[in-house]
There are 2 protein chains.
Amino acid sequence: MNLFYQPDIARQPYLTEEDSRHAIKTLRLSVGESISVTDGQGTRFDCVITKADARQCAVRIVEFHSTPRRPFSIRLCLAPTKNIDRIEWLVEKAVEIGVERFSFFFSQHSERRVLKTDRLIKIAVAAMKQSLQSYLPQIDEAVSFSQLLAAIQEEHRFIAHLPELSAPEHLFNLTVPQTSSAILIGPEGDFSGEELKQAVEAGFRMVTLGKNRLRTETAALTACQIINLANISKH
Amino acid sequence: MNLFYQPDIARQPYLTEEDSRHAIKTLRLSVGESISVTDGQGTRFDCVITKADARQCAVRIVEFHSTPRRPFSIRLCLAPTKNIDRIEWLVEKAVEIGVERFSFFFSQHSERRVLKTDRLIKIAVAAMKQSLQSYLPQIDEAVSFSQLLAAIQEEHRFIAHLPELSAPEHLFNLTVPQTSSAILIGPEGDFSGEELKQAVEAGFRMVTLGKNRLRTETAALTACQIINLANISKH
C-alpha cells in the first residue's frame, strides 16, 4: 500500500510534484485508480486519480476518515550532532516508531551552530508515509537552551544524563502512560553544569536509558522507544 | 573515557594498527599513560602505554577484570537490505543498546544476494568500544533461510510479521526475562508464505512490534529494544 501527503488536499485536490512523479512515473498509476492521501493532521482521504500527470496528478476525494491523536505524546529535545546524517536518521526512525515533536537546541558543548530543518521535514514526511501514519510530527527550528526550556509545556519532563555521573531511575519506570512527555538528550560532549542546573530548575527529572554509553542520536531514539513501550505495556 | 579492542591482548600486549593510530595520533597519548582494553570476550584490561608507536602501541597489563554475560541474550535474524547502509546503521545501533548475535539470511523476496560481514564487524567493534562494553557481538555469514532455521538454538523464537496480515501479541508481552531469544525480521517484500510456514514449524511464534509499518532495519532495532526493555522492567 502507498500513502501520499498533501497538507491541503481538501482545497487542492492534486498531489505534490514529488508525489505526482512517484505515483505516475514510478508506480505507473493511471486514471481511475484509487490512492490514499493524508493531510498530515490526522485525516486520510481515499481518492481516485482523475488526471495522471507526472507533474501534477489530479485526484477526486471519494471519502475521508480522521484518526484521533495518540493518548500520549513524545517531544524529543536534542542538540544537532556534528555529523548531520545522525540527526537525519534519528528523524526517520523516530517518526517510524512514533513521536510527536522534535525540538532542537544549541548546547554550550555542541559544535554545530546551524540546523536546516527543511530537509529534516522532507525526511519526516517520507517516514510518515512509509509507516502509514496520518500525523506529521512537528520539527522546531533550533533555539538556545534557555529558549527551549522556557517553551516546554509537557506534563512530564526528563533529562537523560550520562549514567556514570549518577544512578538515576530508568525512564521506563518513570514514564506515566497517557500523558505528555518531553525528554532532553545530552549533546555530544554532554550538558554543561549550568545547563543541568537550568534543566532541573525547569522541572526536568534525571533519568537513565540503560547501562551503555549511547551516542546522542541513539539515546534519543531509545528514549522514544522507551516512552512508546511504557505506554503500550503499562495498561 | 576511551576503550580499545585487542582480542588477544593477553598474548599480544599491543594495540591494533587502527587503535594505535587513534591512541597516539588522535588522542596524543604517551608512555606511562593508562588505557583500558577489552578482548571482546568480557575481560577488560587496565594497561599502561610502554611504547607510544602510532603503528603498534605497546602496553603493559596492570590488572584485568571480567564481567559476566547478560542473564539473557538476543539474536537478531534478518535479511540484508537492498541498501547496505541500513544494515550498517542497524549493527551500530543494536550493538550500542545491547545485542548478542546477528544472523543474516537470504529470503525468497530479498534482492541482495551477497553480504560482506568484514565491514559489519568493524562497525560492531567501534560501537562496542564507543558504548564501553566488553563483549563483541557475533556476526554470522549470511545463509539460506532453511539453514538459518536449522541453526537456531534459542529457547524463545519470535517472528515479526507485517501487522496488517494478522493481529498477534506484542513482543514485549511474550518476552520471558533471563532467557535466550531469537527474532526473525521480515525482509523488504516480506516473507513468502512458504518461509512463514517453515518458521512456524521451527517453533517461531508470530509477534507484532507495534501498529506502524516499519522498515526492516527499524523493525530489527525495535525488536532489540523491546527484548532489552522487557528484561529490565519485568523483574
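Every chain is numbered from 1, with letters handed out A, B, ... down the list of sequences. Note that the structure is a prediction, hence the values are computed from the model and not measured.
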| remark: Of A:I97, A:L221, A:N173, the largest count of non-hydrogen pairs under 4.5 angstrom with chain B goes to A:I97

| request: Indicate whether any N or O donor in one side chain lies under 3.5 Å from an N or O acceptor in the other, for B:S107 and B:E195. | output: yes

| said: Ignoring hydrogens and geometry beyond distance, is a side-chain donor-acceptor pair present between A:Q225 and A:T222 at under 3.5 Å? | reply: no

| query | Got a second to check how far A:I232's CD1 is from A:I227's CD1, nearest 0.5 Å? | reply | 12.5 Å

| said: Students often mix this up, so state it plainly: with edges at 30° and 60°, are the rings of B:H170 and B:F172 parallel, tilted or perpendicular? | reply: perpendicular

| task | Look at the aromatic rings of A:F105 and A:F191 and report parallel, tilted or perpendicular, splitting at 30° and 60°. | result | parallel

| query | What option among B:Q133, B:E92, B:E96, B:E217 has the most heavy-atom pairs under 4.5 Å with chain A? | reply | B:E96

Report which part of [X] has an atom under 4.5 Å of a heavy atom belonging to chain A: side chain, backbone, both, or neither.
X: B:I226; value: both
X: B:L229; value: side chain
X: B:R70; value: neither

| request: Check each atom of A:Q130 against the heavy atoms of chain B and say whether the ones under 4.5 Å are side chain, backbone, both or neither. | output: both

